[in-house]
Amino acid sequence: MDILSGLGQVPADMRDPVVTIGVFDGVHRGHQKLIRRAVKLAHEAGVECVVMTFDPHPVTIFAPDHAPDTLLPLEERARLIEELDVDHLLVIDFTRELAGESPEDYFRGVIVDTLHASRVVVGENFTFGAGGLGTAQTMLALGEKYGVNVDVVSLLFDGTERICSTAIRDALRGGDVAQASEFLGREFSVTAEVERGAGRGGRELGYPTANQYASDTEAVPADGVYAGWFTVLPDGNPIEGDMEPGIRYRAAVSVGTNPTFGDHRRSIESFVLDRDADLYGRTARVEFIAKVRDMVKFDSVDELLENMARDVSRVREILS
């Protein structure tokens, strides 16, 4: 899959692709439905498929105080979209290229004159153009005017609840990682570099952890302890210890600010079961499977250790 950074990188000879447009911030089951529809139509027509997305999220421009937490960094979005057999990922800097354009100027300038699209696939709640004034129905009308086929795909529901990024964020805020994963169609995960922690002696306590830190704008589960899988991403280098890159290992994962030790940074700390390795500086993915308990401030180290032992036992049960 080619990644095109902006409209200026679209090949001049691109002709008749099938294009689907959206933020695709979670690449969840609803997004996958949309992208798979575009890929299917492209294959049937013998043309390429282009996924057009935005970075940053348009809401950060129109209403920065209401900007949603990021479910996936752009690199992870690209990885998941590529797995859906897309030919090109077009990443638009919304602030620089599209903000302020009317729906018709947007359609004519991007869809017709730049991408030369034969067909566009959008969700039924799609909006575009300055102020989000254009809707899926606007897209249908413009497609008819400019000779571009437009497919409007219905929203996806799980029972009575619509699968959307907002529902996933709500589930994470409640610590319901199983629900978030159900809507995503895969385990919710966080990918970040392993850093040095607060220096409170995890190794001396018998529970050395791989510490990762989430930004204030990144979506993570509610504070607590979780059962999860820990994977060091391959970078061409071996790991010092008894772990291998690309292998999933069971882990007890703590999310929070570690009030027992006065650490106020929000961290994701993974105790990888039955393994010992130097992971500093490595990028790792943590997949969340189930919540074990809420975050608690303990009165003593002994009380902390007793609870950690119970947490590890419970994680073994969940992941067995």
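To the nearest 0.5 Å, atom CG of residue Asp151 and atom CZ of residue Arg37 are 5.0 Å apart. In this structure, Asp85 CG and His43 NE2 are separated by 4.0 Å, a value rounded to the nearest 0.5 Å. Taken from CZ in Phe188 to CD in Gln179, the straight-line distance is 14.0 Å, to the nearest 0.5 Å. Once rounded to the nearest 0.5 Å, the distance linking SG of Cys164 with CG of Asp158 reads 11.5 Å. The structure places CG of Asp2 at 10.0 Å from CG of Leu89, a figure rounded to the nearest 0.5 Å. To the nearest 0.5 Å, the span separating NE2 on His88 from CD on Glu48 amounts to 3.5 Å.
In the hydrophobic clustering of this structure, Leu133 does not group with Ile21; members are Ile, Leu, Val, Met, Phe, Trp, Tyr whose side-chain heavy atoms approach within less than 4.5 Å, directly or through other members. Put simply, Leu233 and Phe288 are part of two different groups of oily side chains (I, L, V, M, F, W, Y) that touch within less than 4.5 Å, one to the next. When the side chains of ILVMFWY residues are joined at heavy-atom separations under 4.5 Å, either directly or via intervening members, Phe157 and Phe126 end up in two distinct hydrophobic clusters. Hydrophobic clustering places Val232 together with Ile247 (ILVMFWY residues linked when any side-chain heavy atoms are closer than 4.5 Å, directly or through intermediates). Placement of Val152 and Leu155 in two distinct hydrophobic clusters is found when ILVMFWY residues are connected by side-chain heavy-atom separations under 4.5 Å, directly or transitively.
Side chain of Gln32 to backbone of Val27: a donor-acceptor contact under 3.5 angstrom is found. Although no hydrogens or angles enter the test, the distance criterion places no donor-acceptor pair under 3.5 Å between the side chain of Glu76 and the main chain of Thr191. Asp242 places no side-chain N or O within 3.5 Å of a backbone atom of Arg275 that could act as its donor or acceptor partner. One N or O on the side chain of Thr114 and one on the backbone of Gly109 form a donor-acceptor pair closer than 3.5 Å. Within the 3.5 Å criterion, the main-chain N or O of Leu142 finds no donor-acceptor partner in the side chain of Arg108. Looking only at distances, a side-chain donor or acceptor of Lys33 sits under 3.5 Å from a matching main-chain atom of Ser154. Between the side chain of Thr217 and the main chain of Asp69, no donor-acceptor pair closer than 3.5 Å is present. Panel note: side chain Thr138, backbone Thr135; a donor-acceptor pair is recorded below 3.5 Å. Judged by distance alone, with hydrogens and angles left aside, the side-chain atoms of Ser300 form a donor-acceptor pair with the main-chain N or O of Glu303 at under 3.5 Å. Judged purely by atom type and a 3.5 angstrom limit, Ser254 has no side-chain atom pairing as donor or acceptor with the backbone of Glu269.
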message = Does Phe230 form a side-chain contact (heavy atoms from CB on, under 4.5 Å) with Val194? I'd like the steps, not just the answer.
response = CA-CA 11 Å; Phe230 184 93; Val194 177; 4.2 Å; yes

Trace of the side-chain hydrogen bond (donor to acceptor under 3.5 Å, both in side chains) decision for Ser189 with Glu187 = CA-CA 6 Å; Ser189 64; Glu187 284 79 12; over 6 Å; no

message = Would Arg314 and Glu317 count as a salt bridge (charged side-chain N to carboxylate O under 4.0 Å, His left out) here? Give the steps.
response = CA-CA 5 Å; Arg314 179 64 181 136; Glu317 293 176 5; 3.1 Å; yes

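Using a cutoff of 4.0 Å between basic side-chain nitrogens and carboxylate oxygens, Asp216 and Arg266 are not scored as salt-bridged. Salt bridge annotation for Arg173-Asp170: present, with a cationic side-chain nitrogen under 4.0 angstrom from a carboxylate oxygen. In this structure, Asp25 pairs ionically with Arg169, as a charged nitrogen and a carboxylate oxygen lie closer than 4.0 Å. Note on Lys40 versus Glu44: salt bridge recorded, some NZ/NE/NH1/NH2 to OD/OE distance being below 4.0 Å.
Closest non-hydrogen pair, Val86 versus Cys49, comes out as CG1-O, 3.7 Å. Across every non-hydrogen atom of Ala219 and Leu71, the tightest pair is CB-CD2, 3.8 Å. Heavy atoms only, all atoms of each residue included: Pro103 and Phe128 are closest at O-CE1, 3.3 Å. Across all their heavy atoms, Met243 and Ala277 have their closest contact at SD-CB, 3.8 Å. Residues Val150 and Leu140 share a closest heavy-atom pair of O-CD2, 3.6 Å. Across every non-hydrogen atom of Leu172 and Val220, the tightest pair is CB-O, 4.0 Å.
Of the residues listed (Arg248, Arg186, Arg250), the one engaging Glu287 in a salt bridge (Lys or Arg N to Asp or Glu O under 4.0 Å) is Arg248, and it is the only one. Among Val253, Ile289, Val286, the one residue that satisfies the side chain to side chain contact (heavy atoms under 4.5 Å, CB included) test with Trp229 is Ile289.
For His31 and Phe24, the ring centers sit closer than 6.0 Å to each other.
By the 4.5 Å heavy-atom criterion applied to side chains, Tyr249 and Leu273 are not counted as neighbours.
Between the side chains of Thr209 and Asn211, at least one donor N or O lies within less than 3.5 Å of an accepting N or O.
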